[in-house]
Each structure stands twice: as structure tokens, then as C-alpha cells.
Amino acid sequence: MKYFRLIWKNAWRKKIRTSLTILSVFVAFLLFALLSAIGFAFRGGVDVADAERLIVIHKVSLINPLPMSYMNRIAATEGVASVTHASWFGGYYQDPRNQFPQFPIDPKSYLDMYPEFTMPTDQIQAFERNRTGAIVGQDLATTYGWKIGDRIPIQATIWTKADGGRTWEFELEGVFSSDDPRSSTAVLLFQYDYFEEARAFGKGTVGWYILRVESGADPIQVANAIDLQFANSPNETKTSTEAAFAQSFMKQFGNIALIVTLILGAVFFTLLLVSGNTMSQSVRERISELAVLKTLGFTDRSVLGIVLSESVLIMLLGGLLGLGLGWLIIQGLAQQIGSFLPGIFLSPKAIVIGIGMMIGAGILAGIFPALKAMRLSIIDALARA
Amino acid sequence: MSEILARLEDVCRTYQKGREKVEVLHQLNLEVPKGDFVAIMGPSGSGKTTLLNLLGGLDKPTAGTVNVGGAELSSMSNSQLSRWRSTNIGFIFQFYNLLPVLTALRNVELPLLLTDFSSSERVKRASIALDIVGLADRARHYPRELSGGEEQRVAIARAIVSDPALLLCDEPTGDLDREKADEILRLLQVLNREHGKTIVMVTHDAQAAEFANRTLHCDKGTLEARVAA
Ligand SMILES: Nc1ncnc2c1ncn2[C@@H]1O[C@H](COP(=O)(O)OP(=O)(O)O)[C@@H](O)[C@H]1O
Ligand SMILES: [Mg+2]
């Protein structure tokens, strides 16, 4: 650390050149932050998936409903510990742009299935007691400023009521949050019983089932047993782990991860060229100064370390600024579009990877100039000066 | 005379110039007693810089031995030589060779970065060295804000800050006018007489050589003493 002043001053030898290099590093890491947060949102469901939870959907597609009568048969399948169900409501709040998932569910069994969602007991009880009650995740409550007791009208896009109405009104009975900061709570849950009774069509069906396998049971075997049970019926099923389900759901958006990787690859390749060039110019300009350091007794290795540190320092300066601004933007985005793209989040893992990339890119950009400085012969360098 | 600080015995140094071998120093012998101030004169290309490089452990002889302050330089590794230089030798160059990005004080501090001194101790010692060369008031100036004579005095402060026994000066006044040159030479004299530094100084300038205790003439790889003109 006592070399810090030397490294810092050398890094700023040419202020404009260093500023431009830092700017390009900054842009690269800003992009990295934004893309990895978006990539994270698209992968989010996969990462937080519970290996013991299975999802049963209609074999044809997620949109086709399954008969309510499957509930008991799934529950009776060997290896199944508990079952619940959910359906896709697909409404909006006040304006078609305010979209977020709403699921009619069975309160007791659904909340048991998702222990990561936590809510005060009195709110759970109030929700169970109120037929037209609803609960929402903290994310949604924050976005729309909802408080317990509020009346929330949801406009149906699919499910008209038996009386012809399209507005479903719910009383907010609770707000839940998630233990896992990565899993989205931008969702509204309401009573399936109310949904079933009031809807104009589709009675006796649910969207999908969620089940938990008994501990020790093989999830794949259980999934196969369920699908076999309903084979050759009018409503065949497809059972998969939550992770696989989330993955296939996300495939609808194309291979976002690959695109993100390709863009970042191109950006970082350019970044290495730019900063590598900066470092080699900077070393070329001060051959005699490096020779003087060696004359004074700095070893070859400490000269190598000084040049490398300078390169890493420039990366960290630009990179941390980029990640920092990226983080701020993502916080803002999460407020704005969190309900469209739940789980948009700059994960600690992405930050660690980002810092690792700064150090790695710093070393890569600086290694050849640093080796040149290390191998520099004092006599030759001083004779040339 | 007193104790010998530096001794070169039968030193040869050859360079490969393309296909040719050039013997710059041929069986050179030299003894520098402690407290001496030697001037070395000679035409350009006669091997003066090569001789200083050998004395300072920047270069190794092709044959022969170089012993400075009891250390046998020809048998030391590069990293051993680095460490040895940092405490035993002060270098002063014709073109000062200060780092332009650091202030005078921080330039002088550089050799102390290689020691275990605390930051405040380093600054204290660097300030004392600047004071000795008469530039205490210039500590915060950058090299570009100093005159040539001042730059050279900062370089001298840097050379003495880690208190080495031997100062090696390669044409230290070559870039200065007479008046400034004499100031530098008087400063070297003070360092020799009052601070006990042993000095080997290469110079082109016969007047500069007069500041030394004795003058050696380097020619075709041999050294001889002549009565100074
Ligand atoms: N690294 C080197 N490679 C080849 N030849 C060199 C090298 N260093 C010095 N020489 C040659 O050695 C001779 C003496 O050089 P030098 O010691 O610098 O002389 P001086 O300092 O007396 O002018 C010159 O002819 C020079 O060209
Ligand atoms: Mg020379």
C-alpha cells in the first residue's frame, strides 16, 4: 500500500487518456450490471426453484386447464406429500399497462406450499375468512401504495363474471414478503372458491397443480408416476420440477442468457484492446523512469506489480463507478417495471463476478506491458534516454 | 590511506556488437578508499559509464571481481543486487531522472519505500535530505516547476536519503551552466567532507574534476592517474 501514491500518480500521468479509458471501462460495467440484472430476472425462477416442488400442467400447454378432480388423485400418488393448485387470472389494475400476475388459489394449501412467503398470522387468518379477500406481495404493495383494508378492483381480460361483469373487486387482507430477496413478490393471490363461484365459464378446472414430494422420494419418479396415471385421458399431464418449469417458461423469451453473454463478450473484448493499448503506451513513455526505479533498488517483480496494479486500479475505478450507477438504475427500474419483469435485481453474486472481471481484465490488459517493464534492462534503458 | 570501500580486480567487460565483440574494459584495477572523491575523465565511449554501472551493481563484469563495501557483486543475483543497491549506492545522473508525476519530496522518498520506515518517518527523512541540498522550500514542487540545477539537487537528495556509503555520479553537471555546475560540485564536496560520502564522479569537464581529491583518466579500457592540468 505504500506504493499506492506512486501507482495512483502514474495512472493519471495523461489525464485525458486515463479519463477516456476509465469512461470506456465505466460504460462496459454499467452494461454488465444492467444486462446481468435483466438476465437474472429471466433466470430468477430457475435459481430460486425448490427441488422438492413439482408442477403439473396440461400436456398440450400451460394455457389448457386441468380438471379439479385431479387434485385428489395426485394427492394419492405415492411419494406426494401435499398438493395445491393455482390458475392464471390475467387481469390488470386500472390501466392495461399495470399488469402483474394474479392467481386464484386455495389459501391454506398454497401458503403451506410456499413457506418462503411470510406474513403475520392474523393476516393469514383474515385472508382465509374473507371470500373476496386478497393478499399481495410487498413489491406490489409498494408499487401501488396499497394498504390493508384497501379495495382493489381488477379488470378481467379472460374471466368475465357469471353476471357479465368484468371487474373483480378484492379487499386487501395481507401483505407477504419473501425470505429470498431474489424471488419476486409482485403477485396478487385471491380465493379460488370465489373465482370458481363467480366466473362465467371454465368451472371445475384449475390452471396447474403444485405438489411437494415426500422427503427421500425421487422427484423424477413421482413426476413419471403422475403423468402415467393420466396418460390416454382427455387431459394428459406434464409434470416437471419447478426449475425445469421455470426454464421452459423463460424459453418463450428466447435465449436471453446467450444474447447477454454475446454482448458482454464483445464489450469486454473491446475494453481489453482499449485499456491494453493505454497501458502499453503508458509503459513505453516511461521506460527510463522504470529503469530509474530499478536503479534505486526496486526489484523486477515489484516493477511488474506496480504496472499491473496501475492497470487493475484503472479497471476498478471505471468498473466500480459503472456497477454503482448500474445498481442505482436497477433500483429505479425495479420500482418502475418490477411487476412486468419481477426479480430484476443486481445479485451479490453478479457484483462479485463483476469485481472479479475488473481484476481479471486489469491483469490481462496490463500483463504484457508489465512483463516488458519487468524484463527491462537498466543499462539499455538508461543508455537510450 | 584508510580502508578500501570499492575494489575492482582485473575487471573485463565485453559487449557483443552485432557479430563483433567489443572489449570496453580490459583487466581494469581500481581501489577507492573510504571517504575518497574520485573524478574519472576520458573521451566519450571510453567506458566510464560502464565502470560506474559495475561499481553500482547495475552490470556484471565478463571477468574479474567487483567488491564494494565487503560485498562481492559479481556473485550476487539480480534481486540481491537490487536490495543491496537500495541501501549502499546513491546514483546521480546527467539528466536528473526524477519522476515527473511526483513532487520533489515524493521523489526523494522513493528509495525509502523499500524500507520498513513508517510513512511519517519516510517524510521526515526525505525532508532532511531536501534540507541538506538546500531545497526545503521546494518540497511540494513538481520537477517541471524546478530549474535544472534544482532538479539535480533533488536527485542528489534522493541519492543520499537512504544514507548510502557510495555516491556514483555520471556527468552530474553535463547539462548545467558553469555557475549551476559549481553549486552542484560544491554540494558534492560538502557531502564528501562533512557527511563522509565516498564519491566516484564521471565528468567531461576538467574544471569539475578539480573539485575531486584526485582524477583518473580512462582510456581504451585502462585507468591511469595523471597530474591534473
Ligand atoms: N549495452 C551495450 N551494448 C553494446 N555496447 C555497449 C553497451 N553499453 C556500452 N556499450 C559500448 O561500450 C563503449 C563504452 O560505453 P560507455 O561506458 O557508455 O562509455 P562512456 O560513458 O565513457 O561514454 C561504447 O563504445 C558503447 O557503444
Ligand atoms: Mg557515459
Side-chain angles (χ1 to χ4, degrees), chain A residues 1-19 21 278-279 281-307 309-311 313-314 369 371-385, chain B residues 13 15 24 45 49-50 52-54 56-60 77-103 105-123 142-143 155 158-159 161-162 164 168 170:
Chain A
M1 269 306 102
K2 57 186 172 181
Y3 295 158
F4 184 77
R5 181 192 308 273
L6 182 60
I7 292 162
W8 177 264
K9 293 280 193 161
N10 269 323
W12 291 100
R13 148 182 313 262
K14 291 264 163 81
K15 291 194 177 58
I16 292 176
R17 182 177 65 198
T18 305
S19 305
T21 308
T278 297
M279 284 313 295
Q281 269 186 28
S282 159
V283 164
R284 225 177 301 133
E285 282 162 11
R286 60 178 142 132
I287 291 292
S288 65
E289 291 171 38
L290 292 165
V292 168
L293 287 182
K294 290 191 178 189
T295 305
L296 296 179
F298 286 70
T299 58
D300 290 352
R301 231 189 283 166
S302 51
V303 169
L304 174 94
I306 286 169
V307 175
S309 310
E310 190 179 321
S311 178
L313 176 70
I314 287 175
L371 284 173
K372 180 177 173 176
M374 183 182 99
R375 295 188 186 131
L376 191 72
S377 144
I378 301 176
I379 300 171
D380 291 347
L382 286 181
R384 243 182 291 152
Chain B
R13 183 66 175 99
Y15 285 114
V24 179
T49 297
T50 304
L52 284 191
N53 289 343
L54 289 169
L58 294 175
D59 194 8
K60 286 183 186 177
S77 73
N78 279 343
S79 60
Q80 283 173 322
L81 281 174
S82 291
R83 216 168 309 129
W84 176 82
R85 277 200 302 275
S86 68
T87 51
N88 291 280
I89 302 289
F91 288 94
I92 296 155
F93 307 94
Q94 178 176 358
F95 297 109
Y96 332 126
N97 282 335
L98 300 177
L99 301 203
V101 296
L102 298 182
T103 60
L105 183 75
R106 297 300 173 182
N107 263 288
V108 175
E109 185 199 12
L110 275 176
L112 299 178
L113 292 180
L114 301 165
T115 65
D116 291 331
F117 292 132
S118 70
S119 164
S120 58
E121 180 67 21
R122 292 198 303 264
V123 168
Y142 284 89
R158 181 177 68 186
V161 74
S162 54
L168 301 174
D170 198 348

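Quick note on labels: first sequence line is chain A, next is B, and so on, each numbered from 1. Not measured: the values here are computed from a predicted model.
- Contact record, A/Gly297 with B/Ser86: CA-CB, 4.0 Å, taken as the closest heavy-atom pair.
- Closest approach of B/Leu114 and A/Tyr3 over heavy atoms only: CD2-OH, 3.6 Å.
- Looking at B/Leu113 and A/Arg5, their side chains never come closer than 4.5 Å, going by heavy atoms from C-beta outward.
- Contact count against chain B (heavy-atom pairs under 4.5 Å) is highest for A/Lys294 among A/Arg301, A/Lys294, A/Arg286.
- For the pair A/Lys2 (side chain) and B/Thr115 (backbone), a donor-acceptor distance under 3.5 Å is present.
- In this structure, the separation between OG1 on A/Thr295 and CG on B/Asn53 is 8.5 Å, given to the nearest 0.5 Å.
- No side-chain heavy atom of B/Thr49 sits under 4.5 Å from any side-chain heavy atom of A/Leu382.
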Worksheet item: What's the verdict on side-chain contact (heavy atoms from CB on, under 4.5 Å) for A/Val292 and B/Phe91, showing C-alpha distance, side-chain angles and the deciding distance?
Response: CA-CA 9 Å; A/Val292 168; B/Phe91 288 94; over 6 Å; no

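- Both the backbone and the side chain of A/Leu296 come within contact range of chain B, each with at least one heavy atom under 4.5 Å from a heavy atom of that chain.
- Ranked by heavy-atom pairs shorter than 4.5 Å toward chain A, the options B/Thr50, B/Leu58, B/Asp170 are led by B/Leu58.
- Only the side chain of B/Leu102 comes within contact range of chain A, judged by heavy atoms closer than 4.5 Å.
- For A/Thr21, the side chain to side chain donor-acceptor pair (under 3.5 Å) criterion is met by A/Thr278, not counting sequence neighbours.
- For the atom pair CZ (B/Arg85) and OG1 (A/Thr299), the distance works out to 10.0 Å, reported to the nearest 0.5 Å.
- Residues passing the salt bridge (charged side-chain N to carboxylate O under 4.0 Å, His left out) test with A/Lys14, sequence neighbours excluded: A/Glu285.
- Neither the backbone nor the side chain of B/Thr103 comes within contact range of chain A; no heavy atom of the residue lies under 4.5 Å from a heavy atom of that chain.
- Counting all heavy atoms, side chain and backbone alike, A/Arg13 lies closest to B/Pro100 at NH1-CG, 4.5 Å.
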